[in-house]
Amino acid sequence: MTLFHFGNCFALAYFPYFITYKCSGLSEYNAFWRCVQAGATYLFVQLCKMLFLATFFPTWEGGAGVYDFVGEFMKATVDLADLLGLHLVMSRNAGKGEYKIMVAAMGWSTAELVMSRCIPLWVGARGIEFDWKYIQMSFDSNISLVHYIAMAAVVWMFTRYDLPKSFRLPVTVLLGLCVYKAFLME
């Protein structure tokens with residue numbers, strides 16, 4: 001029975017990525033290696049973010065139940081590096097805008113999936129007892145895929161020279177929401 005639950009969790013987490021890759025046309029462009037390069041860029045950006053956070057933002061030593069609003073906001077600001085990384089990935093790929101967006105988003109979100117959810121799903125979902133948190137983790141990975149596709153599209157729109165001035169402010173607000181999503185959800 002546990003193998004059945006493990007298979008469901010794993011399928012819920014990874015099949016949407018495979019289906020998105022196959023149905024978006026990326027497989028026709030032989031974009032697998034480009035997605036791997038985007039994933040490597042994700043790893044490099046995360047390493048830089050961790051080093052920056054460890055150097056400039058020490059752990060909060062406040063009292064129990066006290067929320068450090070300014071500190072948490074500044075830590076969330078470091079996620080601007082994700083936007084720069086996505087822009088770097090898209091600027092290094094030649095082709096249509098849709099191709100750039102999908103390559104960057106698929107590589108970025110797949111690397112995030114593998115680095116943050118693969119081990120917990122592999123170890124936890126194979127346990128003796130079933131827990132709903134692994135199903136929720138699988139659904140969170142699907143939400144993350146959609147989030148990174150939307151974030152890559154907004155970064156691409158922001159870097160367009162022919163974007164009308166009336167759209168500049170809404171696109172900037174969407175970029176801010178993408179960066180501070182985790183902070184706002186807390």
Which is it for Thr110 and Tyr21 under the side chain to side chain contact (heavy atoms under 4.5 Å, CB included) test, yes or no, and what are the steps along the way? CA-CA 10 Å; Thr110 304; Tyr21 179 79; over 6 Å; no
Restricting to ring pair (Phe, Tyr, Trp, His ring centres under 6.0 Å), what partner residues turn up for Tyr29, sequence neighbours left out? Tyr99
Atom pair OG1/CE of Thr55 and Met50 - distance to nearest 0.5 Å: 11.0 Å
Given the rule that I, L, V, M, F, W and Y join up when any side-chain heavy atoms are under 4.5 Å apart, are Leu47 and Val45 in one cluster? no
Does some side-chain heavy atom of Val89 sit less than 4.5 Å from a side-chain heavy atom of Gln37? no
Nearest heavy-atom contact between Ser24 and Met102 is CB-CE, 3.7 Å
Out of curiosity, Cys23 SG to Phe18 CZ, how far, rounded to the nearest 0.5 Å? 8.5 Å
Evaluate the criterion side chain to side chain contact (heavy atoms under 4.5 Å, CB included) for residue pair Met106 and Thr20; output intermediate values, then yes/no. CA-CA 8 Å; Met106 283 299 298; Thr20 303; 3.7 Å; yes
Looking at OG of Ser141 and CZ of Arg117, how far apart are the two atoms once the value is rounded to the nearest 0.5 Å? 5.5 Å
Where do Leu26 and Cys35 land on the side chain to side chain contact (heavy atoms under 4.5 Å, CB included) test, with the steps shown first? CA-CA 9 Å; Leu26 290 179; Cys35 291; 4.3 Å; yes
Nearest heavy-atom approach of Lys22 to Ser27 is O-OG, 3.7 Å
Pair Asp82, Gln46: side-chain N/O donor-acceptor within cut-off below 3.5 Å: yes
Sorted by chain and residue number, the salt bridge (charged side-chain N to carboxylate O under 4.0 Å, His left out) partners of Asp79 (sequence neighbours excluded) come out as Lys49
Side-chain heavy atoms of Cys118 within contact of Tyr14, under 4.5 Å: yes
Report the distance from atom NZ of Lys96 to atom NZ of Lys100, rounding to the nearest 0.5 Å. 12.5 Å
Within residues 27-38 or reaching into it, pairs that qualify as salt bridge (charged side-chain N to carboxylate O under 4.0 Å, His left out) - sequence neighbours excluded: none
Tyr17 with Trp33, same ILVMFWY side-chain cluster at under 4.5 Å: yes
Under the salt bridge (charged side-chain N to carboxylate O under 4.0 Å, His left out) test, residues paired with Arg160 that sit two or more places apart: Asp162
Residues at least two apart in sequence or cross-chain that pass side-chain contact (heavy atoms from CB on, under 4.5 Å) with Ala105, listed by chain then number, are Ile149, Ala152
Count I, L, V, M, F, W, Y as connected when their side-chain heavy atoms are under 4.5 Å apart, and connections chain through other members. Are Phe56 and Leu51 then in the same cluster? no
Out of curiosity, does Phe44 fall in the hydrophobic cluster containing Val36 (side-chain heavy atoms, cut-off under 4.5 Å, transitive links)? no
Quick one: OG1 on Thr159 to CG on Leu83, what's the gap to the nearest 0.5 Å? 11.0 Å
Taking atom CZ of Arg92 as the centre, does the number of heavy atoms from other residues, nucleotides or ligands within less than 6.0 Å exceed 12? no
Do Leu177 and Val155 share a hydrophobic cluster, counting only Ile, Leu, Val, Met, Phe, Trp and Tyr and linking them when any side-chain heavy atoms are less than 4.5 Å apart? yes
To the nearest 0.5 angstrom, please state how far the CZ atom of Phe73 sits from the CG atom of Leu184. 9.0 Å
State, without any angle test, whether Tyr180 and Thr77 hold a side-chain donor-acceptor pair at a distance under 3.5 Å. yes
Shortest non-hydrogen contact from Ala38 toward Val103: CB-O, 3.9 Å
Restricting to side-chain contact (heavy atoms from CB on, under 4.5 Å), what partner residues turn up for Val171, sequence neighbours left out? Val154, Met157, Phe158, Leu163
Of all heavy-atom pairs linking Tyr42 and Ala111, the shortest is CD2-CB, 3.4 Å
